[in-house]
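Read the structure below first, then the notes.
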Amino acid sequence: MILLDGKKTANDIKNEIAVKVANLVAGGGKKPHLAAILVGGDGASETYVNAKVKACNKVGFDSTLVRFNANVSEKKLLAEVKKINDNSDIDGLIVQLPLPAHIDELKVTEAINPIKDVDGFHPANIGRMVLNLPTYLPATPAGILELLDRYKIETSGKHCVVIGRSHIVGAPMSILMARNNNPGNCTVTLTHSRTKNLKEITKTADILIVALGKAEFVTADMVKDGVCIIDVGITRVKSDKTKSGWKLLGDVAFDEVSKKSSFITPVPGGVGPMTIAMLLKNTLVSTDKLLY
Ligand code: NAD
């Protein structure tokens, strides 16, 4: 079994980006600049945005964090998005999701200039992804592709089963694994909460990508020997063995499933760190306005 070390791979990518930024600046170019909008003080969103801003600074990007109270009007938020769209110094813009219930997330996502949409959530960029055209790929699926690529895992002709069909992970992942690309060229089965006989399907997977948000859902009896496991899930559970009183679990029962796996991502330290690295990669690309 080979552990797919997302933490190390993400650090390698960040170091590569830092070198590229230093070269860009040495050549008289401008530093990539990412703007992030955070609405409200939700703990998880605050943590994620802070981690993204910190990562930007670490690789030499400029960053701007715009904060609004949870009761900000949709109109005011849309005006800020427009202001950032029109600011030629800012290359990439992300609006941290979820947004409060009174704000239409799709409307805000659609207001972002697709050329600055480094989260890859704009319908225009999702369309370009489906058509296999140059675009910003959503960060978590892009991070999984990068791991498969860097560990030289053969995907062509393999049966890839994806559990979960969210817009940010499962659905784009299924499209990317089926594209005529490397990694890609898989025969893909996308499963979800209405899927019947899930175990019969997962047992035929060469590559199993799990993103449903239920701790240790995938057990050893659900996979075949030699499977490659990508565990996207993150669930915080109480623990009396850690200082904080919490620990993170993936969607896969790691101890038993790893024994049957050829490759497996740990949680934490697998897919999670790759997500931020891919956001940085997208932001670096966004400085090149010739992406499409
Ligand atoms: P979501 O919560 O939006 O959707 C869950 C999906 O799982 C749905 O499509 C649903 O149909 C499916 N599902 C639920 N129960 C099922 C069952 N019994 N059998 C089969 N399918 C079932 O999902 P999400 O936003 O993609 O998040 C999934 C997990 O991944 C969460 O734990 C989340 O925290 C984590 N996540 C991690 C990262 C990262 O960077 N590592 C990024 C995004 C999400």
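As a basis for the values below, the full set of heavy atoms in this structure was taken, side chains included, without hydrogen atoms, waters or symmetry mates. Note that ligands are numbered from 1 as they come in the structure, with each ligand's atoms numbered from 1 the same way.
- Protein heavy atom at the shortest distance from atom 12 (C) of ligand 1 is G164 CA, 3.8 Å.
- For atom 42 (C) of ligand 1, the nearest non-hydrogen atom of the protein is T140 OG1, 3.4 Å.
- From the protein, the heavy atom lying nearest to atom 16 (C) of ligand 1 is L212 CD1, 3.4 Å.
- In I163, the part holding a heavy atom less than 4.0 Å from any atom of ligand 1 is the side chain.
- For atom 22 (C) of ligand 1, the nearest protein heavy atom (residue, atom name, distance) is S193 N, 3.5 Å.
- With Y136 contributing its side chain and I115 its backbone, the two residues share a donor-acceptor pair below 3.5 Å.
- With distances taken over non-hydrogen atoms, the option nearest atom 8 (C) of ligand 1 out of K214, R165, H192 is R165.
- The closest donor-acceptor contact from the side chain of D251 to the backbone of K214 lies under 3.5 Å.
- Judged purely by atom type and a 3.5 angstrom limit, H122 uses its side chain to pair as donor or acceptor with the backbone of E110.
- With ligand atoms numbered from 1 in the order given, ligand 1 contributes 6 (C), 7 (O), 28 (C) to contacts under 4.0 Å with heavy atoms of A211.
- Within the structure, ligand 1 has I234 among the residues with a heavy atom less than 4.0 angstrom away.
- Under the 4.0 Å distance rule, the nearest protein heavy atom to atom 27 (O) of ligand 1 falls outside the cut-off.
- The existence of a salt bridge linking R150 and E146 is confirmed by a sub-4.0 Å separation between a basic side-chain nitrogen and an acidic carboxylate oxygen.
- The main-chain N or O of S156 is never found under 3.5 Å from a side-chain atom of N182 such that the two would form a donor-acceptor pair.
- Looking only at heavy atoms of the protein, atom 38 (C) of ligand 1 is closest to V232 CG1, 3.9 Å.
- Ranking protein heavy atoms by distance to atom 39 (C) of ligand 1, first place goes to T275 OG1, 3.8 Å.
- In terms of protein heavy-atom proximity, atom 43 (C) of ligand 1 is nearest to V169 CG2, 3.7 Å.
- Atom 1 (P) of ligand 1 has as its closest protein heavy atom S166 CB, 4.0 Å.
- A salt bridge links D206 to K224: one of the charged nitrogens lies within less than 4.0 Å of a carboxylate oxygen.
- We find that K30 and D91 are joined by a salt bridge, their nearest charged nitrogen and carboxylate oxygen being less than 4.0 Å apart.
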